[in-house]
Amino acid sequence: MTDISTTEPWEQWWELLPQGIREQVDGYVLQDALMPAIRAVWEAGRAHGVGLQEAQLVVHERYSHHGDRIARTPDNPLDLDSLGARAAGAPGRVVAIEVVWDGDTVHDWFVILYAVTADPEGEQALATVYRHTAQRHLDGTDPALHHPCAAVADKVGRALAARLSVPFHFASPDTPDDEAPRLRPS
């Protein structure tokens with residue numbers, strides 16, 4: 001048994017979990033299945049006072065523990081050819097490219113790049129740009145005042161819109177706002 005006085009809180013919560021749950025959590029982590037891993041820790045640890053934030057911390061530390069052994073979920077491609085191919089596969093005529101903010105407790109703020117369509121009216125998600133994806137795409141350059149996700153999505157979205165000869169819309173490029181006005185096809 002581990003001496004509790006020398007362990008981190010997350011280690012104490014990890015030790016509270018039965019061996020089978022720990023193996024399940026590590027299995028999820030190795031598959032890069034973040035949400036199922038958090039849920040498993042939270043559900044099994046709830047009776048011992050492990051809340052959602054504690055479960056997230058435990059899983060974060062398991063990700064750190066396993067490091068390069070994790071089969072990471074690939075990022076969405078952000079090159080123009082790939083985005084153009086995805087836009088061409090949209091069910092309808094692409095009439096605009098739009099960037100929209102979203103966020104959650106795991107990824108913080110991120111943006112989604114959409115192809116807005118007519119005939120039928122709708123939207124096709126082309127790429128989700130998380131902070132880690134944006135930072136890799138920026139390759140060490142500072143996006144100045146923009147959030148990294150916004151800077152990348154603005155750049156590739158404008159380029160894609162120009163390639164497709166359609167308007168580009170990003171209602172709130174400087175400030176994360178998941179309630180900013182959306183573009184609707186006319």
Side-chain angles (χ1 to χ4, degrees), residues 27-40 42 52 55-56 59-60 63 68-186:
Y28 283 138
V29 167
L30 289 167
Q31 295 173 31
D32 199 16
L34 179 66
M35 296 308 286
I38 291 170
R39 182 182 180 126
W42 180 58
L52 188 55
Q56 289 174 336
V59 171
H60 171 78
Y63 266 78
D68 291 340
R69 294 181 35 214
I70 299 169
R72 299 281 181 180
T73 303
D75 293 331
N76 290 147
L78 296 174
D79 63 281
L80 284 180
D81 290 337
S82 297
L83 292 171
R86 287 188 171 183
R93 179 175 47 86
V94 176
V95 295
I97 300 298
E98 181 175 33
V99 177
V100 177
W101 284 104
D102 202 347
D104 60 35
T105 58
V106 175
H107 299 100
D108 195 23
W109 286 106
F110 55 90
V111 294
I112 304 171
L113 184 67
Y114 288 105
V116 179
T117 63
D119 307 319
E121 185 175 310
E123 60 190 24
Q124 171 83 21
L126 303 176
T128 301
V129 184
Y130 298 107
R131 179 180 287 274
H132 68 272
T133 306
Q135 289 170 330
R136 278 198 298 276
H137 192 77
L138 292 169
D139 199 26
T141 60
D142 185 5
L145 299 176
H146 284 323
H147 188 285
C149 301
V152 169
D154 189 81
K155 179 181 176 183
V156 299
R158 286 182 188 283
L160 179 60
R163 178 181 275 194
L164 299 176
S165 299
V166 298
F168 174 76
H169 183 256
F170 191 174
S172 183
D174 297 318
T175 306
D177 182 359
D178 57 357
E179 295 181 9
R182 295 288 309 272
L183 181 67
R184 296 291 169 220
S186 48

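Starting from 1, each residue takes its place in the sequence as its number. In what follows, every heavy atom counts, from backbone to side chain, and hydrogens, waters and symmetry copies are set aside. No experiment lies behind these values; they were computed from the predicted model shown.
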Test of understanding: with side chain to side chain donor-acceptor pair (under 3.5 Å), list the residues that count as partners of [X], not counting sequence neighbours.
| X | result |
| --- | --- |
| D32 | Y63, T73 |
| N76 | none |
| T175 | none |
| R158 | D154 |

Side chain S82, main chain A85, donor-acceptor under 3.5 Å: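 Not confirmed, S82 side chain does not pair with A85 backbone.
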Backbone N/O of L183 and side chain of E98: donor-acceptor pair under 3.5 Å: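 Pair found, side chain donor or acceptor close to backbone of L183.
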Kindly give the heavy-atom pair with the smallest separation between [X] and [Y], and that separation in Å.
| X | Y | result |
| --- | --- | --- |
| C149 | V111 | O-CG2, 3.6 Å |
| A87 | L164 | CB-CD1, 4.0 Å |
| P167 | A161 | O-CB, 3.9 Å |
| V94 | V166 | O-CG1, 3.5 Å |
| S172 | D177 | OG-CB, 3.7 Å |
| P91 | T117 | O-OG1, 4.1 Å |

Distance from [X] atom [atom1] to [Y] atom [atom2], nearest 0.5 Å?
| X | Y | atom1 | atom2 | answer |
| --- | --- | --- | --- | --- |
| I97 | E123 | CD1 | CD | 11.5 Å |
| H137 | K155 | NE2 | NZ | 5.5 Å |
| D102 | F110 | CG | CZ | 4.0 Å |
| Y28 | M35 | OH | CE | 12.5 Å |

W109, CH2 atom: more than 12 neighbouring heavy atoms under 6.0 Å: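 More than 12 within 6.0 Å, yes.
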R39, CZ atom: more than 12 neighbouring heavy atoms under 6.0 Å: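 Counting neighbours around CZ of R39, 12 or fewer heavy atoms of other residues, nucleotides or ligands fall under 6.0 Å, so no.
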Side chains of residues 124-134: which donor-acceptor partners sit under 3.5 Å, not counting sequence neighbours?
residue	atom	partner	partner atom	Å
R131	NH2	H147	NE2	3.0
H132	NE2	D75	OD1	3.2
T133	OG1	D75	OD1	3.2

Residues which pass salt bridge (charged side-chain N to carboxylate O under 4.0 Å, His left out) with D81, listed by chain and number, not counting sequence neighbours: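 Checked D81 against salt bridge (charged side-chain N to carboxylate O under 4.0 Å, His left out); matches are R163.
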Criterion side-chain contact (heavy atoms from CB on, under 4.5 Å) on F168 and L160, from CA distance to verdict: CA-CA 9 Å; F168 174 76; L160 179 60; over 6 Å; no
